[in-house]
Protein chains: 2
Amino acid sequence: MAARLRDVAERAGVSIRTVSNVVNGYATVSRQKRERVEAAVSELGYRPNVIARSLKHGRSGLIALMVPELDVAYFAELARAVVTTAREYGYTVVVDQTDGEPDRERELIMRDGSANLFDGVILSPLAMSQTDLAERDATSPLVLLGERIVDSGYDHVAIDNVAAAQLATNHLIELGRTRIAAIGDQPYETGETAQLRTRGYEQAHQQHGREVDRSLVVPTRQFHFADGTEAMEQLLKRPGGPPDAVFCYNDLLALGAIRVLLAAGLRVPEDVAVVGFDDIEAGRYNTPSLTTVAPDKRAIARLAVERLVARLGGEVDDAPVELWADYELIVRESTVGR
Amino acid sequence: MAARLRDVAERAGVSIRTVSNVVNGYATVSRQKRERVEAAVSELGYRPNVIARSLKHGRSGLIALMVPELDVAYFAELARAVVTTAREYGYTVVVDQTDGEPDRERELIMRDGSANLFDGVILSPLAMSQTDLAERDATSPLVLLGERIVDSGYDHVAIDNVAAAQLATNHLIELGRTRIAAIGDQPYETGETAQLRTRGYEQAHQQHGREVDRSLVVPTRQFHFADGTEAMEQLLKRPGGPPDAVFCYNDLLALGAIRVLLAAGLRVPEDVAVVGFDDIEAGRYNTPSLTTVAPDKRAIARLAVERLVARLGGEVDDAPVELWADYELIVRESTVGR
DNA sequence: GCAGCAAATTTCAACGTTGCAAAGCCTAGC
DNA sequence: GCTAGGCTTTGCAACGTTGAAATTTGCTGC
């Protein structure tokens with residue numbers, strides 16, 4: 001059995017409270033007793049019981065990070081950053097997966113399955129609507145990542161998706177490409193990210209006085225490799241020939257698309273230039289390496305964690321804020337060749 | 001403030017214990033009182049306090065999964081499987097990263113930072129030695145993944161690395177390749193995986209009556225993309241010309257290596273065939289797609305979680321066991337072309 | 001109408017810790 | 001020698017829950 005304060009106290013011949021004082025560095029403890037206690041602590045291998053402390057303090061030191069899928073590179077990288085940053089602030093992160101299922105996401109966040117276990121929640125929502133969130137009756141603070149849910153009532157960290165998508169599309173336009181496809185639209189989803197990126201794509205066209213060819217905007221169900229290959233196969237089948245550039249709403253879509261292009265005997269970027277989004281590591285080592293919009297994931301993680309910690313510490317109780325992280329376009333071989 | 005049993009009890013006009021009984025479905029509660037309590041529960045939005053329960057029960061329902069790096073695809077995929085399986089058994093997973101630093105790993109596992117918080121630990125060790133583990137004085141059960149640490153005293157789940165590596169190498173030999181390089185050896189590390197794979201590589205050669213050319217066995221510091229590119233660059237610089245096949249000890253190394261090969265104007269697989277290890281998703285969509293040894297990650301996760309749960313339930317207290325998961329060679333374009 | 005028994009409900013204590021406040025000890029000062 | 005005041009140490013209660021046992025209630029049968 002694990003040693004308790006009481007066991008240490010008995011062994012050292014002092015009261016429980018004194019042991020607690022020593023362990024926590026509280027109050028003034030005489031050198032003599034302190035040493036006796038410390039000896040007993042190490043002899044018994046005493047470790048404070050975190051659960052009991054949590055109960056006493058009313059906080060657990062745990063924050064939940066809810067992401068759709070842990071094995072999607074973007075979320076894995078984000079999770080790593082969150083875990084690392086949270087550790088700096090003395091918090092432990094529990095990563096939960098919504099498995100890409102809106103219902104499961106809703107259930108997790110609404111019911112807050114482990115109520116009173118987590119001090120706070122960071123949610124990278126897939127399909128939460130404003131209504132959904134308004135109904136949330138959990139007690140812990142929540143910070144949203146990525147999706148912007150207007151008037152959600154919660155703090156929100158994101159990048160400017162419209163501007164970022166516009167930047168990516170502009171890059172393609174400036175390379176002289178004229179038939180620029182977009183892969184990843186989700187016009188009917190509650191999730192807003194895809195729609196914002198489509199808007200950026202359209203704005204870039206307008207900015208250059210171009211018409212948007214709606215037949216080049218291909219929706220996908222999800223943002224996985226397979227959706228990218230499927231979308232690109234569709235594009236290649238359409239009349240009018242292949243596009244000469246593609247803006248994909250994330251890197252997985254882009255890598256999937258590239259695979260199909262190469263398999264079809266098209267060259268990237270000579271025949272078709274491809275831009276992705278997220279800057280996952282695999283894109284850097286692909287051949288051709290992937291031009292992409294790189295959100296500053298560490299900044300996103302940091303902003304989210306710090307905001308949450310601030311709320312937990314009661315340092316802020318004002319209205320929810322929008323926090324913006326940086327991003328940049330990283331130009332690689334998939335648009336400019338070697 | 002969150003509602004407590006007491007609040008519900010007052011509202012429903014019953015004792016705390018009765019509310020507890022209703023909430024837990026215990027004992028026999030009259031329909032009348034049950035309904036009153038249920039009404040009060042939903043009016044107050046009562047949720048059991050998990051921490052208090054944990055304290056009472058002496059278990060938290062949390063298990064820790066320690067992996068070197070969460071954003072390395074193999075570990076992310078493994079983590080996903082562990083999280084999913086653990087959920088089936090009512091456990092929540094806390095993913096911790098050792099950041100690829102042996103010292104940090106040692107500290108985490110030895111001191112068990114959050115003592116008495118986790119009911120059990122699943123560790124994918126990077127560099128724990130037998131001595132390290134013997135000194136562990138934590139109380140919670142531990143299951144090891146991957147690395148086999150002889151006589152560690154802990155349950156262990158893995159695949160047969162020697163046989164798997166042999167299978168991969170045999171595949172290359174049977175394709176008629178004669179200068180087969182190996183990337184990823186770590187002769188001086190405590191971690192054993194690399195050494196086992198090297199042994200499999202050697203055994204395949206012996207089996208076919210071939211000499212192993214030690215100059216084709218390239219060690220790497222880690223198992224990342226960058227280590228793969230670096231190793232392949234070295235190989236290409238060596239006298240004797242490029243190898244005609246490479247067995248990489250994981251997929252990241254392989255993808256890194258392929259990139260360097262293609263950049264050097266070599267064709268994969270025509271000039272150099274490449275095999276990886278892990279079957280990460282990115283390998284499937286690479287061009288050329290990656291032939292690889294696919295450990296059954298779900299089985300690994302399941303075996304580990306189930307073993308841990310069994311220990312926690314006190315169903316086993318016998319000697320630690322070795323559990324073996326399946327694996328298979330998945331042949332793709334990087335060795336047989338299209 | 002009441003013993004006898006089962007069902008329903010409650011009381012009490014405990015899980016291991018810490019906040020609070022009181023108690024004990026010691027030294028300095030007169 | 002006694003007291004004030006500071007330093008050190010301690011006891012008690014509480015965080016929210018549940019196990020065990022005690023108590024109350026309700027019912028059956030005679």
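Naming: A, B, ... by sequence-line order, numbering from 1 per chain.
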Pull out every protein N or O sitting under 3.5 Å from an N or O of nucleotides 19-22 of chain C, one pair per line with the distance.
from	atom 1	to	atom 2	distance (Å)
C/dG19	N7	A/Arg17	NE	3.3
C/dG19	N7	A/Arg17	NH2	2.7
C/dG19	O6	A/Arg17	NE	3.0

Checklist outcome for this item: From the list A/Leu142, A/Ile122, A/Val321, side-chain contact (heavy atoms from CB on, under 4.5 Å) partner of A/Asp155 resolves to A/Val321
Next on the checklist: So A/Val14 and A/Val19, do their side chains get closer than 4.5 Å, heavy atoms only?
Outcome noted: yes
Checklist outcome for this item: A/Leu5 CG to D/dT10 C1', in whole Å, measures 14 Å
Next on the checklist: Reading DNA chain C from 5' onward, which residue's closest nucleotide shows up sooner: B/Gln32 or A/Arg6?
Outcome noted: B/Gln32
Checklist entry - Which whole-number value in Å describes the distance from A/Leu117 CG to D/dT17 P? => result 14 Å
Item to check | Value in whole Å for how far the C1' atom of D/dC15 lies from CD1 of B/Ile16 | outcome: 12 Å
Checklist entry - Are OP1 or OP2 of C/dT18 and a side-chain N or O of A/Asn24 less than 4.0 angstrom apart? => result yes
Item to check | Value in whole Å for how far the C1' atom of C/dT9 lies from CZ of B/Arg34 | outcome: 13 Å
Item to check | Length of the line joining A/Glu10:CD and D/dT10:P, which is rounded to integer Å | outcome: 13 Å
Next on the checklist: What's A/Ser30 touching, base or sugar-phosphate or nothing? Going by heavy atoms closer than 4.0 Å.
Outcome noted: sugar-phosphate
Next on the checklist: Tell me the interatomic distance from A/Leu55, atom CG, to C/dA14, atom P, rounded to whole angstroms.
Outcome noted: 17 Å
Checklist entry - What is the distance from CZ of B/Arg53 to P of D/dG19, rounded to the nearest Å? => result 10 Å
